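What you see is a predicted model, and the numbers here were worked out from it, not measured in a lab. Just so you know, residue 1 is the first one in the sequence shown, and it goes up from there.
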Amino acid sequence: MLPDPNSLYGPLDPAPDAGHVNAPPRMGFFTDTSVCIGCKACEVACKEWNGVPESGLDLLGMSYDNTGALTANSWRHVAFIEQPRPAGQDAPSADVLGAPVDAGPDRPADAGTGPQFLGMPGAQPPGRGTGVEERTDFRWLMMSDVCKHCTHAACLDVCPTGSLFRTEFGTVVVQEDICNGCGYCISACPYGVIDQRKDDGRAWKCTLCYDRLGAGMTPACAQACPTESIQYGPLDDLRERAAARVATLHDRGVPEARLYGHDPNDGVGGDGAFFLLLDEPEVYGLPPDPVVTTRDLPKMWKRAGLAALAMAAATVAAFVGGSS
């Protein structure tokens, strides 16, 4: 019996439930956004290894975010969220967040040292060219988003061809040669991750580099991340590491640090790819309380069956009563 009524029926250890005998530990991603510098190495590495077509270099008018969202041609998406800094609030130091400090000759001694100043765009703080009197502080929240590889994956529930399958590592993969382009998985995903390619109509998303996992290799995005913002490993180990990281940030004066997608009792049974955030999930474009969209299907089918039986019984009773 599951400990939380918000959890869908089904497994909390998905690979054995999918029929994998002697499955290895469930693998996943922990993305620590507090040390993300927005370099987009993960986006490039993902495209290069998986042969993902280019997304275009559109200027979306949204800071330095030129991909905009996870799509069929962007399996990793680095979001740039610009926020004004409240008056009187200092930038967290690199010592607090654990980011490297650039102490180069072009950096003023009074410059901010958080990742919003250390990362893109450029090395100088806002207002450098106009003087401190006209300077308006802001911070950038950067996050490399990806498919969550849910424990209770609605995309698996609705796929009519078996194109989507659960791997021995607990991840969810699309077999593009079996996909018929029906699009059911797209509307079923509570995160809006899966997308269709316009040229062929098939569904595509992150595979967590399934081919690399089978060879004992690290996924391309995690391998390329220079700050270890993207961490890969056994999911249980990552959850322990993430909890310790949040505790450390809280002790260092970053009370807004929180985990997202780590709880196995949430509406999707916990995510195989979860995050440390520095603000509310909505700020990053994430649903605050995701629930697997097929959660109520068993109850719906049961009610539909009872209604059909009641209608059949009424029909039989009408015929019997009429003949007598």
>> Check this for me: does any side-chain nitrogen of one of R258 and E280 sit under 4.0 Å from a carboxylate oxygen of the other?
In response: yes
> Regarding R76 and the six-membered ring of F29, is the cationic atom NZ or CZ under 6.0 Å from the ring centre and inside 45° of its axis?
Replying inline: yes
> Any Lys/Arg nitrogen of R245 or D32 sitting under 4.0 Å from an Asp/Glu carboxylate oxygen of the other?
Replying inline: yes
>> For T207 and L213: C-alpha separation, side-chain torsions, deciding distance, then whether side-chain contact (heavy atoms from CB on, under 4.5 Å) applies.
In response: CA-CA 10 Å; T207 67; L213 268 58; over 6 Å; no
>> Hydrophobic clusters here meaning ILVMFWY residues chained together by side-chain heavy-atom distances under 4.5 Å, can you tell me if Y284 and V246 are in one?
In response: yes
> Above 12 or not: heavy atoms from other molecules or residues under 6.0 Å from CZ of F165?
Replying inline: yes
>> Once you measure the plane-to-plane angle for W204 and W75, does it fall in the parallel (<30°), tilted (30-60°) or perpendicular (>60°) bin?
In response: parallel
>> Nearest 0.5 Å, please: how far is SG in C155 from NE2 in H149?
In response: 9.5 Å
> Looking at H250 and A257, what are the two nearest heavy atoms and their distance?
Replying inline: NE2-O, 2.8 Å
>> On a heavy-atom basis, which atom in G261 and which in D266 lie closest, and how many Å separate them?
In response: CA-OD2, 4.3 Å
>> Using the rule given for side-chain contact (heavy atoms from CB on, under 4.5 Å), can you reason through T33 versus M142, listing the C-alpha separation, both sets of side-chain angles and the distance that settles it, and then say yes or no?
In response: CA-CA 6 Å; T33 69; M142 301 175 187; over 6 Å; no
> Which atom pair, heavy atoms only, marks the closest approach of S74 to A69?
Replying inline: CB-O, 3.8 Å
>> Applying a strict under-4.5 Å side-chain criterion to I, L, V, M, F, W and Y, I'd like to know whether I81 and Y191 cluster together.
In response: yes
> Is the F274 ring parallel, tilted or perpendicular to the F30 ring (thresholds 30°, 60°)?
Replying inline: parallel
> Donor-acceptor pair, T248 side chain versus A244 backbone, under 3.5 Å?
Replying inline: yes
>> Are the side chains of Q83 and V283 in contact, using a 4.5 Å heavy-atom criterion?
In response: yes
> Given side chains that start at C-beta, do those of M27 and Y232 come closer than 4.5 Å, heavy atoms only?
Replying inline: yes
> Below 4.5 Å, heavy atoms only, C-beta onward: do D271 and T151 meet side chain to side chain?
Replying inline: no
>> Quick check on side-chain contact (heavy atoms from CB on, under 4.5 Å): which of I178, D157, V172 does L164 satisfy it with?
In response: V172
>> Tell me whether T218 contacts the main-chain N or O of A222 through its side chain, where contact means a donor paired with an acceptor under 3.5 Å.
In response: no
>> Any heavy-atom pair between the side chains of T31 and S229 that's under 4.5 Å?
In response: yes
> Within a strict 4.5 Å, meaning less than it, do heavy atoms of the C42 and S144 side chains meet?
Replying inline: yes
> Checking side-chain contact (heavy atoms from CB on, under 4.5 Å) for the pair C179/T161: CA distance, chi angles, key distance, verdict?
Replying inline: CA-CA 7 Å; C179 177; T161 65; 5.5 Å; no
>> Under a 3.5 Å distance rule, please check whether D195 uses its side chain to pair with a backbone N or O of A72 as donor and acceptor.
In response: yes
> So, the side chain of S163 versus the backbone of Q175: is there a donor-acceptor pair under 3.5 Å, distance only?
Replying inline: yes
>> Does D199 have more than 12 heavy atoms from other residues, nucleotides or ligands lying within 6.0 Å of its CG?
In response: yes
>> Determine whether a donor-acceptor pair (N or O, by modelled atom type, separation under 3.5 Å) exists between the side chain of S187 and the backbone of Y184.
In response: yes
>> With a 4.5 Å cut-off on side-chain heavy atoms, are P160 and C182 touching?
In response: yes
> Which value, rounded to the nearest 0.5 Å, describes the distance between H20 atom NE2 and E168 atom CD?
Replying inline: 5.5 Å
>> Quick check: is V173 connected to V52 through a chain of hydrophobic side chains (ILVMFWY, heavy atoms under 4.5 Å apart)?
In response: no
>> Does any part of the side chain of P226, heavy atoms only, come nearer than 4.5 Å to the side chain of I37, both counted from C-beta?
In response: yes
> Hey, are D145 and K148 close enough for a salt bridge, meaning a charged N less than 4.0 Å from a carboxylate O?
Replying inline: yes
> So, for L259 and A243, which heavy atoms are closest and what is the spacing to 0.1 Å?
Replying inline: CD1-N, 4.1 Å
> Between L278, L286, D279, V78, which is the residue that forms a side-chain contact (heavy atoms from CB on, under 4.5 Å) with M143?
Replying inline: L286
> Testing K198, K47, R197 for side-chain hydrogen bond (donor to acceptor under 3.5 Å, both in side chains) with N73, which one passes?
Replying inline: R197
>> Which heavy atom of C209 sits nearest to which heavy atom of N50, and what is that distance?
In response: SG-ND2, 4.0 Å
> Does D200 come within less than 4.0 Å of R202, counting only side-chain N to carboxylate O?
Replying inline: yes
> With a 4.5 Å heavy-atom cut-off, do D65 and H77 have their side chains touching?
Replying inline: yes
